[in-house]
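Okay, structure first, notes after.
Note on naming: letters A, B, ... go to the chains in the order of the sequence lines (proteins, then strands), and numbering restarts at 1 for each one.
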Protein chains: 2
Amino acid sequence: MAVTLHDVARVAGVSIKTVSNVINDYPHIRPATKSRVEDAIAELGYQPNLTARSLRSGRTGAIALAVPDLSLPYFAELAGAVIAAAEAAGIVVLVEQTGGDPRRELELLRSPRLTMTDGLIFSPLGIEQSDAAALRVSYPLVLLGERVFDPGHDHVSMHNVEAARAATEFLIASGRRRIAVVGAHEGEIIGSAGFRLQGYREALDAAGLDYDPTIIGYTAPWHRSGGAQAMRDILEGGSPFDAVFGLNDTLALGAMRVLQETGIRVPSDVSVIGFDDLDEAEYSIPSLTTVDPGRRWIADTAVATLLRRINADDPDALPAPSLLLAEYRIAVRESAPARL
Amino acid sequence: MAVTLHDVARVAGVSIKTVSNVINDYPHIRPATKSRVEDAIAELGYQPNLTARSLRSGRTGAIALAVPDLSLPYFAELAGAVIAAAEAAGIVVLVEQTGGDPRRELELLRSPRLTMTDGLIFSPLGIEQSDAAALRVSYPLVLLGERVFDPGHDHVSMHNVEAARAATEFLIASGRRRIAVVGAHEGEIIGSAGFRLQGYREALDAAGLDYDPTIIGYTAPWHRSGGAQAMRDILEGGSPFDAVFGLNDTLALGAMRVLQETGIRVPSDVSVIGFDDLDEAEYSIPSLTTVDPGRRWIADTAVATLLRRINADDPDALPAPSLLLAEYRIAVRESAPARL
DNA sequence: ATGAAAGCGCTAACAT
DNA sequence: ATGTTAGCGCTTTCAT
């Protein structure tokens, strides 16, 4: 069926080893032999069978990336950045969607599917501290997102607490005092929502402002509709506020829409800040001030770190698993100007 | 290193064939033998090596998906839908980004990488009619997007002309007469921009309205910023208009932002309609009326069609390559109400 | 109902 | 500088 090394070897009048040498740029080949082989390859349209190569070499040249859902813009942009970084390194990416479901996340970690890849970049959402044992796997693994697990893994994440604190301080510095939050998770300590809320409280404390639970809006799914609903809850509560901190951009965008519906003007009545710096933050009406958490750096670093583990000759000779945190910055746009 | 069939066979006291039979649910196995093997599998934590299975069976259980860029929301949502459809069929998806660059698209079609997959779902953007020969590949291939090539391939697409005509007719029926277009491509006949513009012109013709080139905005990249720029061009031209047809949602969203900046109100002054029905169309301010082109159906159908080719015992016994077109509908929201 | 043996296409070890 | 051989882990004949 397909052209194999043997076919090329026969046509070129050499052994398959020589053909293999040519393909793999082995240095000591007579130019005449080399060109004869290359001609045969071109003539037959030979392409190496990567499955066979993988079986023999133990390397597939592919990695897996597991994210909750590509329809969430943050993860779509993250996946795009990971694929681009992997391609630059000559490897391909198998993308899995877990839906943030802990059962599917655990299943994925033990899936035989992973034998088709050299390692996994995993952005968990549903699994918990008690599932940490499931992360002790035999293949190279890099975790993304919140560090809710014991050490022992390379982990690439962002400065959630500090960045959220900086976002809140930015609003305070611009003159706001009653800052509502959209997207909190009831009782969560560890996790994006918990960390960002903590940063928010630290900023309030430092400024001597009181924490007012009546302007904290809760929603589990971080969609726009969740942000809209949480914003409505706060409005119905009746407590005044002069700014909104959306714990991510889609929440902020959903909240902004509800404000607009209600006749509240952004930013003249209420400032709005988000978190993620999605592409669309630049084009919303008004454009969204937000925290750029360093997504591109996260993707590049995750791939580089995974490849370092994969390529390690002696796995134990490698540096200990590390927590790598991206730099953040505040992207100032219209929804929350630096001064009112 | 890893546990193999041989290890399981040794522990269970059977041959590897029997273990293989158990794994593959071969019916004629003595229950006692079967449970002995299953115990050994559990005890050793055996997992089949899918690379070896692929080499022997000729099937990888993976397909490739090539799209321009996951940071474009349409393709992110499409990719998510394809991965979900594939997962339901028990296969995984290797995602490639071409950037819409014809060179990379052509390269991809001949990439040895594809030997790691059973087939390809390809959404081309850059290659042209003259590259049609490159599409005559030896592996199963399903094309997505505009049918700019000769037949001979399964192709899953949308009713571009009709849907664009319907969108335009919707605006006309609502009372609009001067409908600007944002996102046209200079001189393009075949392609999303060309087809949708054609549908627009057909609707104008049918309604007895003149086509006015001064309210057609051109932009090659279908980003929000492109939509914004094309909208500005039209405004600078000074010709009046009472509606905007964005040839996709991001263009429409970018245009809407410029209208708002200029003090033009949507929809009271100008109606805006898009095309794609992205998740975000529902949450923009105002929410965006748009054409739902049947993305979910497209993803399901592309996967099902590709799998049919892959699973064909006799490739020639299959139905001829077909052009499959999704049903469309207009999602009516605030930016263009049915009646003003 | 189970086993023995071959071989998918390649790379690695060892020859020469 | 090139050839020979073995074998990665599995499925698939072919036996029994």
Side-chain angles (χ1 to χ4, degrees), chain A residues 1-38 40-41 44-62 112-118 138-139 311 313, chain B residues 1-38 40-41 44-62 112-118 138-139 311 313:
Chain A
M1 195 76 180
V3 181
T4 75
L5 275 187
H6 287 93
D7 301 321
V8 176
R10 192 170 352 94
V11 169
V14 297
S15 78
I16 61 164
K17 178 62 201 330
T18 301
V19 180
S20 176
N21 281 342
V22 171
I23 290 166
N24 296 296
D25 286 326
Y26 180 74
H28 309 297
I29 314 170
R30 269 216 320 261
T33 313
K34 183 167 176 174
S35 69
R36 203 142 37 92
V37 171
E38 281 166 346
I41 287 174
L44 297 173
Y46 168 76
Q47 287 202 325
N49 179 321
L50 297 193
T51 299
R53 181 180 285 176
S54 296
L55 178 58
R56 176 65 238 215
S57 68
R59 287 289 184 74
T60 65
R113 292 279 171 60
L114 294 173
T115 62
M116 290 176 61
T117 66
D118 297 332
S138 55
Y139 47 82
N311 294 327
D313 297 320
Chain B
M1 195 78 177
V3 180
T4 76
L5 275 187
H6 287 92
D7 301 321
V8 176
R10 193 169 352 94
V11 169
V14 298
S15 77
I16 62 164
K17 176 63 200 330
T18 302
V19 180
S20 177
N21 281 342
V22 171
I23 290 166
N24 296 296
D25 287 324
Y26 179 74
H28 309 296
I29 315 171
R30 268 214 320 262
T33 313
K34 181 167 179 176
S35 68
R36 205 142 36 90
V37 170
E38 282 166 345
I41 288 174
L44 297 173
Y46 169 76
Q47 286 201 324
N49 179 320
L50 297 194
T51 299
R53 181 179 285 175
S54 296
L55 177 58
R56 177 66 242 222
S57 69
R59 287 288 184 73
T60 65
R113 293 277 175 60
L114 294 172
T115 61
M116 289 176 60
T117 66
D118 297 331
S138 56
Y139 48 83
N311 294 327
D313 297 321

Checklist entry - Between B/Asn49 and A/Thr115, does any side-chain donor sit less than 3.5 Å from a side-chain acceptor? => result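 Checked: B/Asn49/A/Thr115 side chains show no N/O donor-acceptor pair below 3.5 Å.
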
Checklist entry - Hey, does A/Thr33 reach any base, or is it just sugar-phosphate, or nothing, if we go heavy atoms under 4.0 Å? => result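 Since only primed, P, OP1 and OP2 atoms lie under 4.0 Å of A/Thr33, the category is sugar-phosphate.
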
Next on the checklist: Starting the side chain at C-beta, find the nucleotide from D/dG3, D/dC10, D/dT2 nearest to A/Val14.
Outcome noted: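 Per side-chain heavy atoms of A/Val14, the pick is D/dG3.
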
Checklist entry - Counting side-chain heavy atoms from CB outward, which of C/dG3, C/dC10, D/dC10 is closest to A/Tyr46? => result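 Nearest listed nucleotide: C/dC10.
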
Checklist entry - Is a side-chain donor or acceptor of A/Asp118 paired with a backbone partner of A/Thr60 at a separation under 3.5 angstrom? => result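 Side chain of A/Asp118 to backbone of A/Thr60: a pair is present.
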
Next on the checklist: If we ignore hydrogens and angles and just use 3.5 Å, is the side chain of B/Ser57 paired with the main-chain N or O of B/Arg53 as donor and acceptor?
Outcome noted: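 Indeed, once roles are kept as given, a pair shorter than 3.5 Å links the two residues.
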
Without decimals, in angstroms, what is the distance between [X] [atom1] and [N] [atom2]?
X: B/Arg56; N: D/dT13; atom1: CZ; atom2: C1'; answer: 8 Å
X: A/His6; N: C/dC8; atom1: NE2; atom2: P; answer: 8 Å
X: B/Leu5; N: C/dA4; atom1: CG; atom2: P; answer: 14 Å
X: A/Leu50; N: C/dT11; atom1: CG; atom2: C1'; answer: 13 Å
X: A/Ile16; N: D/dT4; atom1: CD1; atom2: P; answer: 10 Å
X: B/Leu55; N: C/dA6; atom1: CG; atom2: P; answer: 18 Å
X: A/Gln47; N: C/dG9; atom1: CD; atom2: P; answer: 14 Å
X: A/Lys17; N: D/dG7; atom1: NZ; atom2: C1'; answer: 16 Å

[N], OP1 or OP2 - any side-chain N/O from [X] closer than 4.0 Å?
X: B/Asn24; N: D/dT11; answer: yes
X: A/Ser15; N: D/dG3; answer: yes
X: A/Arg53; N: C/dT11; answer: yes
X: A/Ser20; N: C/dA12; answer: no

Item to check | Atom pair NZ (B/Lys34) and OG1 (B/Thr18), whose distance is rounded to the nearest 0.5 Å | outcome: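 With rounding to 0.5 Å, NZ (B/Lys34) is 13.0 Å from OG1 (B/Thr18).
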
Item to check | CZ-OG distance between A/Arg56 and A/Ser20, expressed to the nearest 0.5 angstrom | outcome: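 Rounded to the nearest 0.5 Å, the CZ-OG separation comes to 10.5 Å.
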
Item to check | Toward the 5' end of DNA chain C, by each residue's nearest nucleotide, A/Ile23 or B/Thr18 | outcome: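 The answer here is B/Thr18.
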
Item to check | Whichever of B/Thr51 and B/Asn21 has its nearest DNA chain D nucleotide further upstream toward 5' | outcome: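 Its nearest nucleotide being more 5', the pick is B/Thr51.
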
